[in-house]
Amino acid sequence: MLDPRRIRSEAETLAGKLAKKKFTLDVAYLGDLDARRKEIQLAAEALQNERNSRSKEIGKAKQEGRDVSEILRTMSDLKSRLEESQRQLQVLQDEFRDYLLGVPNVPADEVPEGDGEAANRLESEWGHPPQFDFPVKDHVEIGAGLAAGTGEALDFAAASRMTGARFVVMQGPVARLHRALGQFMLDLHIREHGYTEINVPFIVNADSLVGTGQLPKFAEDQFKLQGKQDFYLIPTAEVPVTNMVRDRILDASELPARWVCHTPCFRQEAGGYGVDTRGMIRQHQFEKVELVQITRPEDSATALEELTGHAERVLQLLELPYRKVALCGGDLGFSANFTYDLEVWLPSQQCYREISSCSNFDEFQARRMQARWRNPASGKPEFVHTLNGSGLAIGRTLVAILENCQDAEGGVGVPRALRPYMDGVERLE
RNA sequence: GGAGGGGUGGCAGAGCGGUUUAAUGCACUGGUCUUGAAAACCAGCGAGGGCGAAAGUCCUCCGAGAGUUCGAAUCUCUCCCCCUCCGCCA
């Protein structure tokens, strides 16, 4: 959420910045709303003040044994006027807040202008797409060809029978490779990058989703549970982990907080009908190792560079060719102020596909969550900055390994870094 | 699922219709003392918001929401969360 005071004092500037994100801030509407709010609030508070002082008078008079019926008579009129203005104020404040919850974060000045993927700025490339002297298979074919006992190592048909479209069953060596990836990533970030491992609920309440920005605007992308309470399956570990600091005032010594978390992620993919329908690129359920950092405001820009580097390190150790891009305004997510995407090379598609998204949300999520720290310089609670990035999406990493490490016989070479997690197995066949 | 007990400022913890402007302690900040520190003593110290150039001033907040009342941390209802015991259970 943006600072309401900034909305009031520099609406035009914000509107200009938000245009980069293809969002039109309705400055006239907000101005009008605020003018009415101001008027009603002044009236309401004056009436409250009057009620308070008269009530005190009654208390005093009663104690002194005086008659209060005279004062009491004037109170009923005051009460109804007060209730009416409080009701009006509530309506206006709710309207203002509802609008604000739907306004995206302001993009950083360094964010490239542009509408879609093509406008993203290439930052760097690592490795070289492999050359094959045989017809390249995609991961669906490779997975079907690997030995797995009963059924296929990657079995989309079985998943569609037991559940439906956009799910997958993994068996045997592929299931193991998948598990190895999660372990490998966790260990790397814990041992070498200074993250604390954390295990969180896979179900969260609506407030948590509002906090990180998935609600209210993206309700149709979430899996909502049946039942009395507003519970949702997490779309990413970002939600529970970032909400670790909800409603807290952290001590300066607790920052930065760095968490790494391996969870399943559940997404309705409501906006993705018809795209990536083949294979496990876009599923309703996938696993991800997520990096989350909570920092002091002045540290978040550096932290994003570091965090992105931590995610890149996974790709490098797995020897997967990738590139890093800075998302343009049109591609930037709702809550982000700046995002690097890491894209891995997929031989079957002859292009780079997103495998990690690393973002700085500055104080946008913190304000929604009321996540603060006590700044020793001011002695006051101030909003923290939040960041996160995939390190990495496990399903897509599996796809990348199957495709990039395939050989002419239909086998798959296991990247060196994963072999300790695979009992030394060097090749799946 | 059943029966109880609770949710109060950064933390602990009193208050259970009207001088509550929420006691007290801890923590924190400043000062006195000290070669320095500790201790002791003195003082300050919650959050959010409105108006205002500022000084300041007003409003809101005692888990959440609704209600009773001239007036609610305090009474009533609903919900959420935590603790103890019993039952069930991986």
Side-chain angles (χ1 to χ4, degrees), chain A residues 1-9 30-101 199-211 215 224-225 227-232 240 243-255 257 294 296 363 366-384:
Chain A
M1 195 159 68
L2 300 180
D3 186 348
R5 274 174 299 200
R6 275 186 79 191
I7 294 267
R8 291 190 190 111
S9 61
L30 284 170
D32 173 61
L33 196 62
D34 195 49
R36 285 191 287 149
R37 190 224 86 230
K38 189 186 263 191
E39 189 187 330
I40 298 289
Q41 184 162 350
L42 281 169
E45 289 186 357
L47 288 167
Q48 285 179 88
N49 185 14
E50 199 175 335
R51 179 205 57 196
N52 291 348
S53 55
R54 288 218 215 161
S55 287
K56 254 175 214 157
E57 253 179 76
I58 293 173
K60 210 182 288 176
K62 274 197 163 177
Q63 248 168 8
E64 293 166 4
R66 284 190 276 127
D67 179 42
V68 294
S69 57
E70 184 64 27
I71 317 176
L72 235 42
R73 194 135 26 81
T74 62
M75 291 299 277
S76 74
D77 173 56
L78 178 67
K79 198 185 181 191
S80 63
R81 280 192 297 150
L82 174 60
E83 277 168 2
E84 174 57 18
S85 61
Q86 277 177 326
R87 197 191 54 74
Q88 284 178 22
L89 180 61
Q90 192 62 52
V91 168
L92 289 171
Q93 283 176 334
D94 287 349
E95 194 175 336
F96 191 73
R97 181 179 164 79
D98 286 349
Y99 185 85
L100 232 56
L101 280 175
N199 188 290
V200 294
F202 304 154
I203 293 174
V204 293
N205 60 31
D207 283 344
S208 290
L209 284 158
V210 171
L215 289 181
K224 185 166 197 272
L225 300 182
K228 218 169 149 188
Q229 300 180 79
D230 272 351
F231 280 163
Y232 296 80
N243 275 280
M244 278 291 288
V245 293
R246 153 178 297 278
D247 289 328
R248 288 201 55 201
I249 299 173
L250 298 162
D251 190 82
S253 65
E254 296 178 86
L255 299 176
I294 315 293
R296 303 180 184 203
E363 62 167 48
R367 185 182 295 280
R368 289 172 162 241
M369 293 187 300
Q370 287 299 303
R372 294 168 293 175
W373 70 301
R374 197 169 293 278
N375 185 346
S378 66
K380 292 283 170 194
E382 296 172 12
F383 290 114
V384 295

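Everything numeric here is computed off the predicted structure, so don't read it as measured data. Labels below follow one simple rule: chain letters A, B, ... track the order of the sequence lines, proteins then strands, and each chain is numbered from 1.
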* So, is A:Gln48 close to the B:rC58 phosphate, meaning a side-chain N or O under 4.0 Å from OP1 or OP2? -> no
* Would you say B:rC59 has OP1 or OP2 under 4.0 Å from some side-chain N or O of A:Asn49? -> yes
* For residues 59-100 of chain A, which residue pairs qualify under ring-ring contact (aromatic ring centres under 6.0 Å, His included), counting only residues two or more places apart or in two chains? -> A:Tyr29-A:Tyr99
* Return each pair, listed once, that meets ring-ring contact (aromatic ring centres under 6.0 Å, His included) where at least one residue sits in residues 54-76 of chain A; pairs must be two or more places apart or across chains. => none
Between [X] ([atom1]) and [N] ([atom2]), how many Å, whole number?
X        : N      : atom1 : atom2 : result
A:Asn375 : B:rC28 : CG    : P     : 18 Å
A:Asp247 : B:rG9  : CG    : C1'   : 14 Å
A:Arg246 : B:rC81 : CZ    : P     : 15 Å
A:Asn52  : B:rU20 : CG    : P     : 16 Å

* Structure fact -> In numerical order, the residues of residues 30-38 of chain A whose heavy atoms come under 4.0 Å of RNA chain B are A:Arg37, A:Lys38
Nearest-Å distance once atom [atom1] is located in both [N] and [M]:
N      : M      : atom1 : value
B:rA38 : B:rA12 : P     : 26 Å
B:rC89 : B:rC11 : C1'   : 36 Å
B:rC75 : B:rU69 : C1'   : 10 Å
B:rU8  : B:rG67 : P     : 25 Å
B:rG5  : B:rC42 : C1'   : 42 Å
B:rA47 : B:rC83 : P     : 29 Å
B:rG7  : B:rA64 : C1'   : 12 Å
B:rU34 : B:rA39 : C1'   : 11 Å

Please list each protein N or O that sits under 3.5 Å from an N or O in nucleotides 63-72 of chain B, with the distance.
{"residue": "B:rC70", "atom": "O2'", "partner": "A:Ser55", "partner atom": "OG", "Å": "3.3"}
{"residue": "B:rG71", "atom": "O4'", "partner": "A:Ser55", "partner atom": "OG", "Å": "3.0"}

* State plainly whether the residues A:Lys60 and A:Glu57 are in salt-bridge range, i.e. N to O under 4.0 Å. => no
* Scan A:Gln229 against the nucleic acid and name what it touches under 4.0 Å (heavy atoms): base, sugar-phosphate only, or nothing. => sugar-phosphate
* Contact class for A:Asp251 vs. all strands (heavy atom < 4.0 Å): base, sugar-phosphate, or nothing? -> nothing
* Structure fact -> So NZ of A:Lys79 and CG of A:Leu47: to nearest 0.5 Å the spacing works out to 14.0 Å
* Structure fact -> Listing for RNA chain B: consecutive Watson-Crick or G-U pair runs of at least 3, distance cutoff 3.5 Å, ranges ordered by first number, gives B:1-7 with B:80-86, B:10-12 with B:24-26, B:28-32 with B:40-44, B:46-51 with B:56-61, B:63-67 with B:75-79
Salt bridge (Lys or Arg N to Asp or Glu O under 4.0 Å) with [X]: which residues, sequence neighbours excluded?
X       : answer
A:Glu39 : none
A:Asp34 : A:Arg8, A:Arg37
A:Arg81 : A:Asp77
A:Glu45 : none

* Judged by modelled atom types alone, do A:Asn52 and A:Ser55 share a side-chain donor-acceptor pair under 3.5 Å? -> no
* **Side-chain H-bond candidate by donor/acceptor type, A:Gln90 with A:Gln86, under 3.5 Å** => no
* To do: Evaluate the side chain to side chain contact (heavy atoms under 4.5 Å, CB included) criterion for residues A:Asp230 and A:Lys224: first the C-alpha distance (whole Å), next the side-chain angles of each, then the deciding distance (0.1 Å), finally the verdict.
  => CA-CA 7 Å; A:Asp230 272 351; A:Lys224 185 166 197 272; 3.0 Å; yes
* To do: Using ring-ring contact (aromatic ring centres under 6.0 Å, His included) as the criterion, list what pairs up with A:Phe202, not counting sequence neighbours.
  => none
* Considering all heavy atoms, the nearest A:Arg296-A:Ala252 contact -> NH2-O, 3.4 Å
* Work out which heavy atom in A:Leu2 is nearest to a heavy atom in A:Leu100; give both atom names and the distance. => O-CD2, 3.8 Å
Please list, pair by pair, any protein nitrogen or oxygen found under 3.5 Å from a nitrogen or oxygen in nucleotides 45-49 of chain B.
{"residue": "B:rA47", "atom": "O3'", "partner": "A:Arg372", "partner atom": "NH1", "Å": "3.1"}
{"residue": "B:rG48", "atom": "OP1", "partner": "A:Arg372", "partner atom": "NH1", "Å": "3.4"}
{"residue": "B:rG49", "atom": "OP1", "partner": "A:Arg5", "partner atom": "NH2", "Å": "3.4"}

* Asked: Who are the side-chain contact (heavy atoms from CB on, under 4.5 Å) partners of A:Arg6, not counting sequence neighbours?
  -> A:Asp3, A:Glu10, A:Leu14
